[in-house]
A.B. asks: 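One structure follows; several queries about it will come next.
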Amino acid sequence: MTHRYIEVAIGALPQRFHYHLPAELTTELLQLGARLVVPFGNRVQIGFFVRYVDQPDIVKTKAILAILDSPSLIPSKLAKLIEWVANYYCSHIGIVLAHAFPKNNLHKIRRRLSLTNEGTAALHAGKIKSETAETIVTALLKGEVLFETLRAKIGTKNMTTALPSLRKKGWVKQRWDFESPPEKRKNEVKETLDVFRKDTAILLNINQQEAFDEIAAALKKGVFSPFLLHGVTGSGKTEIYLQSVQTVLAGGKGAIILVPEIGLTPQLFNRFFSRFGKEVAILHSGLSASERYEQWRRIKENEAHIVIGARSALFAPMETVGIIIVDEEHDHSYKQEETIRFHAKDAALVYAKLHHATIVLGSATPSLESFHNGKTGRLRVLSLPTRVNERPMPTIQTIDLRIREQWVLPFITKPLVAAIEKRLERKEQTILFMNRRGHTPALLCGDCGQKWQCANCSVSLTFHKQEKKLLCHYCGFQQSAPSVCPKCQAARLIYMGAGTEQVEEGIQTLFPSARVLRMDRDTTARKGTHAKMISTMEQRDADILIGTQMVAKGHDFPMVTLVGIICADLSFGLPDFRASERTVQLLSQVMGRAGRGDTEGEVFIQTFQPEHETFRYLSNYNAFCQAEQGFREEAGYPPFTRLILLILSHTEEQMVAQKANQLASILKQSCHRLGVTVLGPASAHFARIRKEYRYQILLKGKDHVRLKSALKKGLLDFNKTDLKGVRVIVDVDPQSVI
Ligand code: ADP
Ligand code: ZN
């Protein structure tokens with residue numbers, strides 16, 4: 001008998017598993033993502049159908065036990081996106097599928113036993129000899145019974161001896177199904193509903209109207225229409241998103257709105273919720289498994305047609321997508337750096353094309369890629385050059401940190417203190433930005449020069465004063481803070497630099513009665529704390545907000561009239577081709593938080609390099625892009641070339657160096673004649689992370705298809721060699737190459 005073989009993905013395992021369909025299940029036509037019950041080891045598991053195969057990898061395939069979804073719960077266009085992501089980013093389809101579904105362990109697999117007519121007849125005819133078999137059959141007389149219930153009654157041993165033969169004789173049959181998690185009675189969305197005040201569309205200004213008209217026209221046409229909405233901070237981009245989504249909903253389609261970070265979802269959610277109410281769902285990895293399932297279900301069952309979330313919201317089970325909005329499109333958080341290394345913005349563009357939808361990439365500081373695509377016409381550029389209601393952009397003042405006489409406390413200068421004082425008097429708010437958490441980023445013995453490095457990584461440990469600990473920001477390694485040098489016993493320890501904790505300490509010393517909030521990874525680790533800080537700011541129950549890049553993004557606090565950048569230099573000088581782009585974007589974003597209300601804003605930039613060219617571009621982003629483009633073209637970097645980064649890692653440096661050399665020479669062969677350049681191997685910028693040494697190889701080429709085929713061929717040959725436990729990560733279109 002010939003079987004119908006299938007490939008199944010199990011959990012998020014990166015292997016493929018082959019099974020066959022038993023005769024009674026061959027009639028169904030399976031689609032990608034259909035959930036199946038499969039035997040796996042000595043357990044049963046839920047797996048995803050991937051594809052039909054002609055020739056299985058193994059000789060003796062097992063039969064699947066049941067099909068749970070037919071048709072698959074994955075809409076067909078989403079299935080195509082999932083395939084694209086797996087293929088383009090060299091990931092495994094099972095991992096991408098697992099990403100698209102709420103966690104499976106919410107569904108209980110049930111195995112149910114029942115008596116066949118033959119079984120009943122056999123019992124009445126006295127054909128059942130063994131006592132155990134008779135107990136089983138009698139228990140099933142009244143109808144279907146759960147396997148577990150029966151097992152509890154008669155014991156595992158009796159069950160395993162008697163049941164197989166009863167099934168073989170055709171007297172007992174079994175079926176599989178699963179129980180969905182109970183619908184949550186309370187959830188975020190419905191709770192907010194109680195305080196629901198509906199707001200209505202704002203009358204757009206001329207610039208907004210022009211931009212909106214173009215989007216509306218594209219929506220009407222129903223063809224793939226990609227836009228870049230380049231609007232300065234506070235220019236009213238969100239209002240355009242809201243009105244575009246309104247148009248999409250009226251046309252009976254759905255909308256996906258992506259934000260770069262979970263932290264930004266509540267704010268945007270509130271704005272959408274007050275306009276669209278229950279139509280809005282929220283999806284991101286910060287939700288608990290059951291919350292996530294509930295949101296997913298509401299989208300799947302057409303209760304919600306708008307989904308807001310971070311990267312994973314793209315995989316929402318929406319049937320017809322009319323618009324995708326990618327807010328703060330330049331943000332590098334759109335690139336996922338673990339499990340699947342995919343770029344949500346690029347995937348969104350592909351997905352919009354599949355849906356013949358409109359896509360709006362919005363930003364005050366577009367990525368160089370989008371700027372370039374705007375120039376070449378691949379994106380249609382919509383500009384909002386001014387803030388709403390003729391509000392001016394904030395004024396900028398640079399403060400030279402080299403003049404020590406200006407320092408009141410470390411990194412806090414006289415002009416900044418005076419400016420904060422003024423805000424406190426006027427009951428306005430201040431944001432202070434310091435792109436480093438902890439108290440002090442480096443510790444040094446003043447006598448012998450001993451430095452404190454992480455035991456697992458080649459990075460120095462950061463001093464966290466409140467916790468009295470030295471912490472590694474890469475792997476979490478920690479040790480208690482020393483009071484004397486362990487090497488020379490000297491008590492003269494030098495603390496170098498500052499982090500948010502030290503800034504907070506200084507500000508609180510200078511302004512003891514000010515209400516100060518600190519927002520960084522340490523203070524927002526607990527669920528809900530980040531959202532709480534935002535609402536405290538909104539309600540003006542805080543005077544000064546100090547934080548890392550978390551304070552830079554997206555927030556709209558109208559009472560913030562002062563932004564202080566404590567040390568702008570922190571972002572300079574990383575050996576990455578995107579370093580200056582990031583710096584300009586980040587500083588522009590922070591500055592954009594000032595003066596969004598009726599009072600004009602002021603920005604103070606403290607720096608050791610006031611002459612640094614970055615500052616020239618802060619009020620002219622287009623000039624920056626123009627200059628940066630020239631540099632990228634000359635140096636052969638994106639958007640003028642495509643890159644693939646390979647990262648090899650192993651606990652022994654020699655091993656990883658050796659394999660990296662081998663892979664590089666194999667790749668040089670496969671890249672030969674394809675116009676692909678192989679750079680490296682070289683030790684990574686952070687040479688050791690989490691006990692593993694890391695080496696990198698960079699592939700560079702003009703044509704993505706050639707780049708990919710060179711890579712595939714090279715990896716195929718490399719995987720035939722003894723890998724000696726060296727891990728290889730493939731990063732397609734890397735955001736960072738250090
Ligand atoms: P962006 O997203 O571009 O930073 P927002 O959409 O947050 O800007 O708008 C900034 C503020 O201006 C918001 O409080 C918003 O409600 C308000 N706003 C937007 N459009 C208008 C308009 N046409 N007239 C008046 N206020 C507006
Ligand atoms: Zn570490």
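Order of appearance sets the numbers: ligands from 1, and atoms from 1 within every ligand. Since the structure is predicted, the reported quantities are computational estimates derived from the model, not experimental observations.
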A.B. asks: Flag the pair L470 / T462 as yes when at least one side-chain heavy-atom distance between them is below 4.5 Å, and no otherwise.
C.D. replies: no
A.B. asks: Please compare R271, E239, Q208 and report which has the shortest non-hydrogen distance to atom 15 (C) of ligand 1.
C.D. replies: R271
A.B. asks: May I ask you to identify, for E328, whether its side chain, its backbone, both or neither come under 4.0 Å of ligand 1 on a heavy-atom basis?
C.D. replies: neither
A.B. asks: Answer yes or no: does atom CZ of R540 have more than 12 heavy-atom neighbours from other residues, nucleotides or ligands under 6.0 Å?
C.D. replies: no
A.B. asks: Within the 4.5 Å heavy-atom criterion, are I240 and L384 side-chain neighbours or not?
C.D. replies: yes
A.B. asks: I need the contact type for R387 against ligand 1. Using non-hydrogen atoms and a strict under-4.0 Å cut-off, is it side chain, backbone, both or neither?
C.D. replies: neither
A.B. asks: In terms of atom number and element, which parts of ligand 1 are under 4.0 angstrom from non-hydrogen atoms of N205?
C.D. replies: 23 (N)
A.B. asks: Where do D213 and Q209 land on the side-chain hydrogen bond (donor to acceptor under 3.5 Å, both in side chains) test, with the steps shown first?
C.D. replies: CA-CA 6 Å; D213 287 346; Q209 189 65 48; 2.9 Å; yes
A.B. asks: Return yes when atom CZ of R515 has more than 12 non-hydrogen atoms of other residues, nucleotides or ligands closer than 6.0 Å, and no otherwise.
C.D. replies: yes
A.B. asks: Please could you name the atoms of ligand 1 that G236 approaches to less than 4.0 Å, counting only its heavy atoms?
C.D. replies: 1 (P), 3 (O), 5 (P), 6 (O), 8 (O), 9 (O), 19 (C)
A.B. asks: Are any of the N/O atoms in I202 less than 3.5 Å from those in ligand 1?
C.D. replies: no
A.B. asks: Can you report which non-hydrogen protein atom sits closest to atom 12 (O) of ligand 1, along with the distance?
C.D. replies: V388 CG2, 3.3 Å
A.B. asks: Tell me if the centroids of the rings in F196 and F273 come within less than 6.0 Å of each other.
C.D. replies: yes
A.B. asks: What I'd like to find out is whether the side chain of R311 reaches to under 4.5 Å of the side chain of L258, using heavy atoms alone.
C.D. replies: no
A.B. asks: Using distance alone, with no hydrogens and no angle criterion, decide if Q539 and T536 have a side-chain donor and acceptor under 3.5 Å apart.
C.D. replies: no
A.B. asks: Could you tell me whether ligand 1 has any atom less than 4.0 Å away from a heavy atom of S235?
C.D. replies: yes
A.B. asks: L203 versus ligand 1: do any nitrogen or oxygen atoms come within less than 3.5 Å of each other?
C.D. replies: yes
A.B. asks: How far is atom 2 (O) of ligand 1 from its nearest protein heavy atom, and which residue and atom is that?
C.D. replies: T238 OG1, 2.9 Å
A.B. asks: Taking 2.8 Å as the cut-off, does an N/O/S atom of H473 lie below it from the Zn ion (ligand 2)?
C.D. replies: no
A.B. asks: For the metal site, I want the angle between atom SG of C454 and atom SG of C457 with the Zn ion (ligand 2) at the apex, to 10°.
C.D. replies: 110°
A.B. asks: Identify, by atom number and element, the atoms of ligand 1 in contact range of D556, meaning under 4.0 Å from any of its heavy atoms.
C.D. replies: 7 (O), 11 (C), 13 (C), 14 (O)
A.B. asks: Ring centroid separation for H332 and H343, is it under 6.0 angstrom?
C.D. replies: no
